[in-house]
Colleague: 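Structure provided below as structure tokens; questions to follow.
Remember, it's a predicted structure, so these values are computed and weren't measured experimentally.
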Amino acid sequence: MGQLSKQVGKRIKQIRELRGIKQFVLAEKLNMEPSNLTRIESGLQLPKEENLVKIAQLLDVEVKDLFDFPPSIQKNIVLPQIVSMIENLPADKVRFIYDFIKLYRMQK
């Protein structure tokens with residue numbers, strides 16, 4: 001499949017996870033095998049139109065939102081901006097950000 005199916009699948013997964021819905025639960029509500037939803041979310045299969053409508057309804061978004069692809073973040077551009085924002089903060093705020101990142105890394 002092409003770039004569109006990858007982007008749509010990634011977006012569906014992103015919204016599903018933001019909503020706290022497990023993949024097998026969404027698949028069940030769609031009357032779909034979990035492996036088919038896995039194929040959709042991984043971009044190997046583009047959902048049929050009727051499934052796009054059902055997915056949007058179950059995720060409480062409009063169909064167009066499944067095609068709203070946020071721009072990708074380029075690390076080499078964003079990292080200096082983050083450093084610039086942090087360097088003028090008071091020490092306690094820098095420590096808070098440090099602890100947050102440390103906690104985030106432990107969760108992965």
Side-chain angles (χ1 to χ4, degrees):
M1 284 264 116
Q3 189 65 23
L4 178 63
S5 61
K6 288 179 184 176
Q7 288 180 305
V8 170
K10 185 177 179 180
R11 185 72 175 139
I12 290 169
K13 181 177 181 179
Q14 181 184 49
I15 296 169
R16 176 183 60 75
E17 289 177 343
L18 284 171
R19 299 284 191 262
I21 301 171
K22 299 286 185 194
Q23 190 180 56
F24 75 93
V25 172
L26 182 59
E28 187 176 272
K29 289 182 178 185
L30 291 165
N31 292 323
M32 176 186 292
E33 290 294 321
S35 60
N36 287 343
L37 185 54
T38 298
R39 290 179 55 77
I40 289 170
E41 288 187 352
S42 62
L44 299 174
Q45 178 179 327
L46 193 61
K48 296 177 185 175
E49 184 178 341
E50 60 267 17
N51 283 336
L52 278 172
V53 172
K54 287 181 190 177
I55 290 168
Q57 288 171 343
L58 292 168
L59 295 178
D60 194 29
V61 296
E62 295 182 35
V63 173
K64 71 176 181 65
D65 296 326
L66 300 178
F67 295 88
D68 183 17
F69 313 125
S72 62
I73 294 175
Q74 295 179 345
K75 186 176 177 180
N76 63 331
I77 294 172
V78 174
L79 197 54
Q81 292 173 353
I82 293 171
V83 170
S84 175
M85 288 188 276
I86 293 173
E87 65 188 359
N88 294 322
L89 292 176
D92 63 322
K93 301 295 183 191
V94 173
R95 179 63 191 207
F96 174 80
I97 293 168
Y98 171 80
D99 290 342
F100 177 81
I101 292 169
K102 192 172 159 185
L103 179 65
Y104 174 79
R105 291 180 69 192
M106 289 181 358
Q107 301 256 333
K108 287 200 124 195

Colleague: If you compare all heavy atoms of G43 against all heavy atoms of S5, which two are closest, and at what distance to 0.1 Å?
Modeller: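 Closest approach of G43 to S5, heavy atoms only: O-OG, 2.9 Å.
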Colleague: Hey, are the side chains of V8 and L52 touching, using non-hydrogen atoms and a 4.5 Å cut-off?
Modeller: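 In contact.
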Colleague: Is there a donor-acceptor pair closer than 3.5 Å between any side-chain N or O of R19 and the backbone N or O of L59?
Modeller: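 Looks like yes, one N/O pair under 3.5 Å.
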Colleague: Within this structure, what is the NZ-CE distance for the pair K93 and M85, rounded to the nearest 0.5 Å?
Modeller: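 Output value for this atom pair is 15.5 Å.
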Colleague: Any link between Y98 and I82 through a network of hydrophobic side chains (Ile, Leu, Val, Met, Phe, Trp, Tyr) touching at under 4.5 Å?
Modeller: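 Per the 4.5 Å side-chain linkage, Y98 and I82 are not co-clustered.
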Colleague: Let me confirm one number: the CG-CG distance from N36 to L30, rounded to the nearest 0.5 Å.
Modeller: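 Going from CG on N36 over to CG on L30, the span is 10.0 Å.
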Colleague: Return the OG1 to CE distance between T38 and M32, rounded to the nearest 0.5 Å.
Modeller: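 Taking OG1 in T38 and CE in M32, the distance rounds to 10.5 Å.
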Colleague: Let's go through F24 and L37 carefully: what are the C-alpha distance in whole Å and the side-chain angles of both, what is the deciding distance for side chain to side chain contact (heavy atoms under 4.5 Å, CB included) to 0.1 Å, and is it a yes or a no?
Modeller: CA-CA 8 Å; F24 75 93; L37 185 54; over 6 Å; no
Colleague: Step through the shown structure and confirm whether more than 12 heavy atoms of other residues, nucleotides or ligands are within 6.0 Å of CZ on F96.
Modeller: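 Incorrect, the count does not exceed 12.
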Colleague: Is atom CD of E33 surrounded by more than 12 heavy atoms (other residues, nucleotides or ligands) closer than 6.0 Å?
Modeller: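 12 or below, so no.
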Colleague: Sub-3.5 Å donor-acceptor pair from the side chain of S84 to the main-chain atoms of P80, do we have one?
Modeller: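 No; zero donor-acceptor contacts below 3.5 Å.
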Colleague: Could you tell me if the side chain of L66 sits less than 4.5 Å from the side chain of P47, heavy atoms only?
Modeller: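 P47 does not reach L66 side chain to side chain.
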Colleague: Please tell me whether I86 and I101 are part of a single hydrophobic cluster in this structure, the criterion being side-chain heavy atoms less than 4.5 Å apart.
Modeller: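 I86 and I101: one cluster.
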Colleague: Calculate, to the nearest 0.5 Å, the distance between atoms NZ and CD belonging to K22 and E17 respectively.
Modeller: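 Going from NZ on K22 over to CD on E17, the span is 9.0 Å.
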Colleague: For E50, look at atom CD and say whether over 12 heavy atoms of other residues, nucleotides or ligands are found less than 6.0 Å away.
Modeller: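 Yes, because the 6.0 Å sphere around CD of E50 holds more than 12 heavy atoms from other groups.
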Colleague: Is there a side-chain contact between R16 and E41, using heavy atoms and a 4.5 Å cut-off?
Modeller: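 Heavy-atom side-chain distance check passes, below 4.5 Å.
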Colleague: So, taking the atom named CG in L58 and the one named CD1 in I15, what distance separates them when rounded to the nearest 0.5 Å?
Modeller: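 It comes to 12.5 Å.
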Colleague: Rounded to the nearest 0.5 Å, what separates atom NZ in K29 from atom CD1 in I55?
Modeller: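 So the NZ of K29 and the CD1 of I55 are separated by 13.5 Å.
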Colleague: Quick one: do D68 and K64 make a salt bridge, cutoff under 4.0 Å?
Modeller: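 No.
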Colleague: If hydrophobic clusters are built from ILVMFWY residues whose side chains come within less than 4.5 Å, do I97 and V83 share one?
Modeller: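 No; V83 is not reachable from I97 via cluster members.
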Colleague: Test K6 against K10 for side chain to side chain contact (heavy atoms under 4.5 Å, CB included), laying out the working first.
Modeller: CA-CA 6 Å; K6 288 179 184 176; K10 185 177 179 180; over 6 Å; no
Colleague: If you look at every heavy atom in R11 and D65, which pair is closest and at what distance?
Modeller: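 Smallest interatomic distance, heavy atoms only, reads NE-O, 3.1 Å.
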Colleague: Would you name the heavy atoms of A27 and P34 that are closest together and state the gap between them?
Modeller: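 Closest approach of A27 to P34, heavy atoms only: CB-CA, 3.7 Å.
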Colleague: Linking I/L/V/M/F/W/Y whenever any side-chain heavy atoms sit under 4.5 Å apart, do V25 and L18 land together?
Modeller: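 They do not share one cluster, since no chain of ILVMFWY contacts under 4.5 Å joins V25 to L18.
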Colleague: With a 4.5 Å limit on heavy-atom distance, are the side chains of R95 and D92 in contact?
Modeller: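 When only atoms from C-beta onward are counted, D92 and R95 do not touch, as no gap falls below 4.5 Å.
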Colleague: If two hydrophobic side chains count as joined below 4.5 Å and joins carry through other members, does L79 share a cluster with L89?
Modeller: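 No.
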